[in-house]
Amino acid sequence: MDAKPFILVTGANGFLVTWIVHRLLENGNRVRAATRSLDRGTYLRELFSSYSGSLEIVAVGDMTEPNAFDKAVAGVEGIIHTASPVTTVADDPEELIRPAVKGVTGILESARDHGTCIRRIVITSSCAAIVDTSDVQVTVSEKDWNDQRVQECETLSRNASGLSKYSASKTLAERAAWDFVDANKERISWDLTTINPPYIFGPTIHDVKDPDSLNSSSILYYNAVVKNNFFGADPLTSPSHAWVDVRDVAAAHVKALETPSAGGERIIVSAGSWVWQDMINTALSLPGSIYRPHPDVTGPKEVTTRLITFESGKQKRILGLSLGSLEECVRDILLDYAKRGWYP
Ligand code: NAP
């Protein structure tokens with residue numbers, strides 16, 4: 001019997017993708033995991049040693065280089081493209097926009113020119129490509145685009161906020177993906193799905209040595225919930241966006257690969273609106289000593305304002321997802337910190 005074709009995943013050493021690789025392997029898939037260099041894949045090989053026959057690590061270098069993914073796409077039947085710079089610390093907006101857009105166009109070109117048996121490509125976009133902040137109560141859906149941040153970066157360049165630079169990179173990368181599919185209809189045999197998550201939180205299984213080497217969203221979480229450091233923001237009103245558990249986002253990517261009706265769809269994957277105080281309140285409600293609050297935490301406080309609501313009906317309707325609770329997410333993050341000795 002012929003071996004099952006591979007699923008290619010990019011950015012495979014990252015926070016989210018390590019969970020995606022885990023989910024794919026658990027579901028019986030063969031995974032080709034792309035990292036910049038082979039040594040960045042060593043940890044993955046060890047983590048998933050029980051699946052060694054189903055996991056291949058490939059080095060693709062810097063994805064902004066032309067043809068970076070040409071070899072990696074050969075023989076794969078599906079692609080999950082997640083690699084993208086994730087930070088709000090950048091000087092020139094192009095530091096984020098260029099790799100995000102080049103990564104997307106590069107993998108789609110490679111898939112068009114060298115992917116002979118690809119059925120579906122799933123790209124990790126973001127709710128930041130829809131909206132990032134709002135001063136007023138809004139409800140948004142997959143019909144909305146965060147073009148405002150793109151314009152802000154064009155106008156203010158280096159002086160645009162870090163969040164604007166990141167949001168512009170995700171907006172432009174996702175637009176580039178849909179434009180590519182539109183322009184290449186006659187030349188491709190696969191379709192595209194984008195997954196648009198808001199802030200992703202959850203326990204980590206990728207290679208992190210200490211809290212400072214966590215990915216961006218997890219560092220924010222650690223500082224807020226363990227160190228009571230909100231970087232000057234008011235935890236009762238900030239960030240007033242939405243959250244989702246990393247394990248549910250991983251499941252969404254895998255379901256998006258497998259679900260025929262997900263083709264051509266942007267899909268928000270969100271567990272609901274939140275502010276930092278919701279995380280603290282939930283942690284305080286956990287049994288026993290799972291949460292050991294920072295001395296400055298005085299007790300639960302009522303949250304009255306959550307400004308952004310994402311309409312996320314497609315995650316259930318198309319992908320059939322049922323999401324974990326905030327309690328489970330907060331509990332598992334805190335247990336992960338304790339296990340790693342990061343929790344005083
Ligand atoms: P992460 O842990 O920082 O992973 C990012 C991955 O992208 C890393 O493997 C990184 O490789 C790779 N990458 C970045 N620039 C690259 C380049 N020029 N060439 C090759 N590889 C490159 O981030 P994450 O939090 O898991 O996020 C993963 C995806 O989810 C991103 O697309 C992000 O925009 C999206 N997302 C994240 C959140 C969130 O809250 N975390 C929310 C919504 C959407 P190196 O390690 O070698 O740099």
Side-chain angles (χ1 to χ4, degrees), residues 8-22 33-44 57-69 72 80-90 94-107 122-132 146 163 165-174 177 194-209 213-222 224 239 241-250 252-253 266-271 274 310 329 333:
L8 171 66
V9 292
T10 69
N13 56 314
F15 167 55
L16 168 60
V17 175
T18 308
W19 278 110
I20 293 176
V21 172
H22 179 257
T35 49
R36 278 189 218 240
S37 59
L38 285 181
D39 50 304
R40 288 197 193 191
T42 306
Y43 176 87
L44 284 178
I57 312 284
V58 294
V60 292
D62 187 326
M63 66 185 174
T64 60
E65 294 297 322
N67 311 108
F69 294 111
I80 297 179
H81 174 62
T82 299
S84 204
V86 192
T87 175
T88 51
V89 182
E94 283 301 314
E95 287 169 31
L96 302 185
I97 293 171
R98 185 171 175 276
V101 173
K102 284 256 175 197
V104 161
T105 52
I107 200 153
V122 179
I123 290 183
T124 314
S125 184
S126 172
C127 280
I130 294 173
V131 67
D132 48 31
N146 198 354
L163 182 60
K165 291 168 193 171
Y166 172 69
S167 300
S169 79
K170 296 305 286 183
T171 306
L172 288 168
E174 194 193 330
T194 64
I195 297 295
N196 296 64
Y199 284 78
I200 305 174
F201 299 122
T204 50
I205 53 168
H206 67 302
D207 187 15
V208 273
K209 285 161 196 60
S213 58
L214 282 165
N215 64 293
S216 297
S217 56
S218 302
I219 287 187
L220 285 178
Y221 198 94
Y222 185 82
H241 202 258
W243 75 279
V244 64
D245 189 306
V246 66
R247 295 162 290 191
D248 292 328
V249 186
H253 282 77
R266 276 185 112 188
I267 304 179
I268 292 173
V269 177
S270 164
W274 69 289
F310 289 91
C329 185
I333 294 172

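Computed from heavy atoms alone, side chains included, the values below leave out hydrogens, waters and symmetry copies. Just follow the structure's listing: the first ligand is 1, and inside any ligand the first atom is 1. We number each residue from 1, following the sequence as shown.
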Would you be so kind as to tabulate the donor-acceptor pairs closer than 3.5 Å made by side chains of residues 94-106, with sequence neighbours excluded?
| unit_1 | atom_1 | unit_2 | atom_2 | d |
| --- | --- | --- | --- | --- |
| Glu95 | OE1 | Asp91 | N | 3.3 |
| Glu95 | OE2 | Asp91 | N | 3.4 |
| Glu95 | OE2 | Asp92 | N | 3.1 |
| Thr105 | OG1 | Val101 | O | 3.0 |
| Thr105 | OG1 | Lys102 | O | 3.4 |

Apply side-chain hydrogen bond (donor to acceptor under 3.5 Å, both in side chains) to the pair Thr35 and Asn13, showing each step before the final yes or no.
CA-CA 6 Å; Thr35 49; Asn13 56 314; 5.7 Å; no
Run the side-chain contact (heavy atoms from CB on, under 4.5 Å) test on Trp243 and Ser270 for me, step by step, so that the C-alpha distance in whole Å, both residues' side-chain angles and the decisive distance to 0.1 Å come before the verdict.
CA-CA 6 Å; Trp243 75 279; Ser270 164; over 6 Å; no
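Under a 3.5 Å cut-off, the side chain of Thr82 and the backbone N or O of Thr124 do not form any donor-acceptor pair.
Judged as a side chain to side chain donor-acceptor pair (under 3.5 Å), and not counting sequence neighbours, the contacts of Thr194 are Glu174, Asn196. Partners of Phe310 according to the ring pair (Phe, Tyr, Trp, His ring centres under 6.0 Å) rule, which considers only residues two or more places apart in sequence or in another chain, are His241.
If you look at ligand 1, the protein residues with a non-hydrogen atom under 4.0 Å away are Gly11, Asn13, Gly14, Phe15, Leu16, Arg36, Arg40, Gly61, Asp62, Met63, Thr82, Ala83, Ser84, Pro85, Val86, Thr124, Ser125, Ser126, Tyr166, Lys170, Pro197, Pro198, Tyr199, Ile200, Asn215, Ser217.
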